[in-house]
Amino acid sequence: MEAAEPLLDVRDLRVSFRTEDGLIRPVDGVSFQVGAHEIVGIVGESGSGKSLSVMSIVGLISDPNVVIEGSVRYKGRELIGLSQSALRPLRGSEIAVIFQDPMTALTPVYTVGWQIVEQVRAHEKLSRRTARRRAVELLDAVGIPQPYTAVDRYPHQLSGGMRQRAMIAMALSCQPALLIADEPTTALDVTVQAQILELIHRLKDEFGSSVILITHDMGVVAETADRVLVMYAGRVAEYGTTRELFSEPLHPYTWGLYDSIPPLEGRRPTRLSSISGSPPALSERPDGCAFAPRCAYRFETCDQLPPLSGTREHLAACFLPPGRRRAVDRHPDQEAST
Ligand SMILES: Nc1ncnc2c1ncn2[C@@H]1O[C@H](COP(=O)(O)OP(=O)(O)OP(=O)(O)O)[C@@H](O)[C@H]1O
Ligand SMILES: [Mg+2]
């Protein structure tokens with residue numbers, strides 16, 4: 001039962017930078033697929049390579065020292081190696097990106113409304129007036145108060161949170177086949193976060209779009225994603241359907257993430273309270289499992305690199321035997337101290 005070709009098929013993606021001290025490879029062999037009408041969540045600590053993985057897909061890493069290898073097929077077409085002039089028409093029409101930093105997406109010298117109108121009219125034959133009405137509706141939909149006024153504001157005249165929303169409105173305006181949202185809600189308060197996630201769901205339901213959603217927040221993933229990619233130190237630690245990943249997480253790192261689902265109210269923790277230590281620096285990544293130094297279950301074999309193994313629906317890169325995994329009560333700290 002072979003499924004239809006996925007919308008996006010990423011295989012063995014590697015992102016490296018030439019530096020004075022030699023080559024560093026923040027993304028080291030990442031593979032995942034995004035199906036039609038599917039929301040794929042990417043989670044992992046800061047520096048695990050989430051942003052680089054998705055930005056390299058659409059050619060948005062501007063560093064001249066970058067080297068991108070592997071394969072990224074979008075609707076069957078290979079994107080790695082395409083020139084900027086070949087990628088540009090894809091971005092903003094087929095594939096829209098919401099960045100961590102909204103100023104990268106908005107042009108400072110035009111009003112927010114002008115930018116949305118241009119974007120809408122580039123893809124649909126609409127009069128200026130109709131496109132402007134669409135812009136106001138979109139600004140309203142992303143929770144910008146007084147959208148009739150906001151439409152004529154320049155990006156710098158909006159607060160950070162409002163800019164973030166304006167960028168999201170712009171990304172949604174072309175009804176992309178694939179939306180890449182890199183931490184779209186981090187800077188926003190909880191109510192607006194919920195509105196934005198609702199919009200992302202609507203995009204999928206009403207326009208049949210697929211979404212890659214990067215977030216630190218396992219709670220958001222559980223509510224939003226169909227499939228989850230857990231990244232650790234530039235590699236895939238675990239990959240599977242949300243149902244599988246939450247009902248039977250296979251990787252000790254995921255167990256830690258799971259225990260760190262932030263409270264619904266109050267300040268969200270910036271570090272994972274349930275896993276001690278921090279990810280290895282880029283230059284100090286071990287040859288074997290990168291998580292081993294923090295893992296309460298490590299054993300001799302972990303000084304080798306664990307391959308991703310499992311079923312089509314659920315893969316993990318961990319040497320722990322399945323029987324041992326099932327026996328674990330998923331509280332590494334407690335077990336480690338006994
Ligand atoms: N242009 C660059 N040159 C060298 N190293 C880089 C470059 N861009 C990113 N990196 C490094 O690559 C690693 C992964 O970066 P990336 O931005 O993908 O992390 P991330 O998972 O998105 O983290 P965050 O959650 O903080 O956004 C980091 O250690 C970062 O410092
Ligand atoms: Mg990032």
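Note that ligands are numbered from 1 as they come in the structure, with each ligand's atoms numbered from 1 the same way.
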message: Could you check whether any heavy atom of H216 sits closer than 4.0 Å to an atom of ligand 1, since that is the contact criterion I want to use?
response: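 For ligand 1, residue contact (heavy atoms, under 4.0 Å) with H216 is present.
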- prompt: With a 4.0 Å cut-off on heavy atoms, does G44 reach ligand 1?
  reply: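 Flag not set, G44 not near ligand 1.
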query: Under the side chain to side chain contact (heavy atoms under 4.5 Å, CB included) criterion, do I116 and R134 qualify, and how do the steps go?
result: CA-CA 9 Å; I116 297 177; R134 172 83 62 84; 5.7 Å; no
What residue and atom, counting heavy atoms only, is the protein's closest point to [atom], and at what distance?
atom                    : answer
atom 24 (P) of ligand 1 : S46 OG, 3.6 Å
atom 17 (O) of ligand 1 : S51 CB, 3.7 Å
atom 11 (C) of ligand 1 : L282 CD1, 3.9 Å
atom 6 (C) of ligand 1  : F17 CE1, 3.6 Å
atom 12 (O) of ligand 1 : P26 CB, 3.2 Å
atom 1 (N) of ligand 1  : D63 OD2, 2.9 Å

message: Regarding atom 18 (O) of ligand 1: of the candidates N65, L52, V43, which has the closest heavy atom?
response: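 Among N65, L52, V43, the closest heavy atom to atom 18 (O) of ligand 1 comes from L52.
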message: Out of P64, S16, G47, S56, who is nearest to atom 20 (P) of ligand 1 when you count heavy atoms only?
response: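 Considering heavy atoms of P64, S16, G47, S56, the nearest to atom 20 (P) of ligand 1 sits in G47.
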Under 3.5 Å, which donor-acceptor pairs link side chains of residues 55-64 to any protein atom two or more places apart or in another chain?
{"from": "S56", "atom 1": "OG", "to": "L52", "atom 2": "O", "distance (Å)": "2.9"}
{"from": "S56", "atom 1": "OG", "to": "S53", "atom 2": "O", "distance (Å)": "2.9"}
{"from": "D63", "atom 1": "OD1", "to": "N65", "atom 2": "N", "distance (Å)": "2.7"}

[X]/[Y] ion pair, N-O < 4.0 Å:
X    : Y    : value
D303 : R298 : no
E118 : R128 : yes
D28  : R235 : yes

E94/K75 under salt bridge (Lys or Arg N to Asp or Glu O under 4.0 Å): CA gap, chis, key distance, verdict: CA-CA 10 Å; E94 295 259 331; K75 293 184 176 170; 2.9 Å; yes
query: Side-chain contact, heavy-atom cut-off 4.5 Å: I80 with L13?
result: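 Yes; the side chains approach each other to less than 4.5 Å.
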- prompt: Is there a side-chain contact between R91 and Q84, using heavy atoms and a 4.5 Å cut-off?
  reply: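 Sidechains of Q84 and R91: in contact.
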field: R11 CZ: over 12 foreign heavy atoms closer than 6.0 Å
entry: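 No, the 6.0 Å shell around CZ holds no more than 12 heavy atoms from other groups.
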task: For E300, look at atom CD and say whether over 12 heavy atoms of other residues, nucleotides or ligands are found less than 6.0 Å away.
output: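 Open: at most 12 neighbouring heavy atoms sit under 6.0 Å from CD of E300.
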query: At under 4.0 Å between heavy atoms, which part of T19 makes contact with ligand 1: side chain, backbone, both or neither?
result: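 Within the 4.0 Å criterion, T19 makes no contact with ligand 1.
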message: Under 4.0 Å from atom 14 (C) of ligand 1, can you find at least one protein heavy atom?
response: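 Yes, at least one protein heavy atom sits under 4.0 Å from atom 14 (C) of ligand 1.
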field: Heavy atom of protein closer than 4.0 angstrom to atom 26 (O) of ligand 1
entry: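 Given the 4.0 Å cut-off, atom 26 (O) of ligand 1 counts as touching protein heavy atoms.
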field: salt bridge (Lys or Arg N to Asp or Glu O under 4.0 Å) between R227 and E244, intermediate numbers included
entry: CA-CA 9 Å; R227 202 177 282 272; E244 287 248 355; over 6 Å; no
Polar proximity ligand 1 side, I24 side, N/O cut 3.5 Å exclusive: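 No: no nitrogen or oxygen of I24 is under 3.5 Å from one in ligand 1.
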message: Quick check: K50 and ligand 1, any N/O pair under 3.5 Å apart?
response: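 Indeed, backbone or side chain, K50 has an N or O that close.
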Between Y297 and W255, ring centroids under 6.0 Å: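 Ring-ring flag for Y297/W255: true, centres closer than 6.0 Å.
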message: Just to be careful: counting only protein atoms that are N, O or S, how many fall under 2.8 Å of the Mg ion (ligand 2)?
response: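 Protein N, O or S neighbours of the Mg ion (ligand 2) under 2.8 Å, waters not counted, come to 2.
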- request: Going by the side chain to side chain donor-acceptor pair (under 3.5 Å) test, name the single residue among R243, E238, E248 that passes it with H314.
  value: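 By the side chain to side chain donor-acceptor pair (under 3.5 Å) criterion, H314 pairs with just one of R243, E238, E248: E238.
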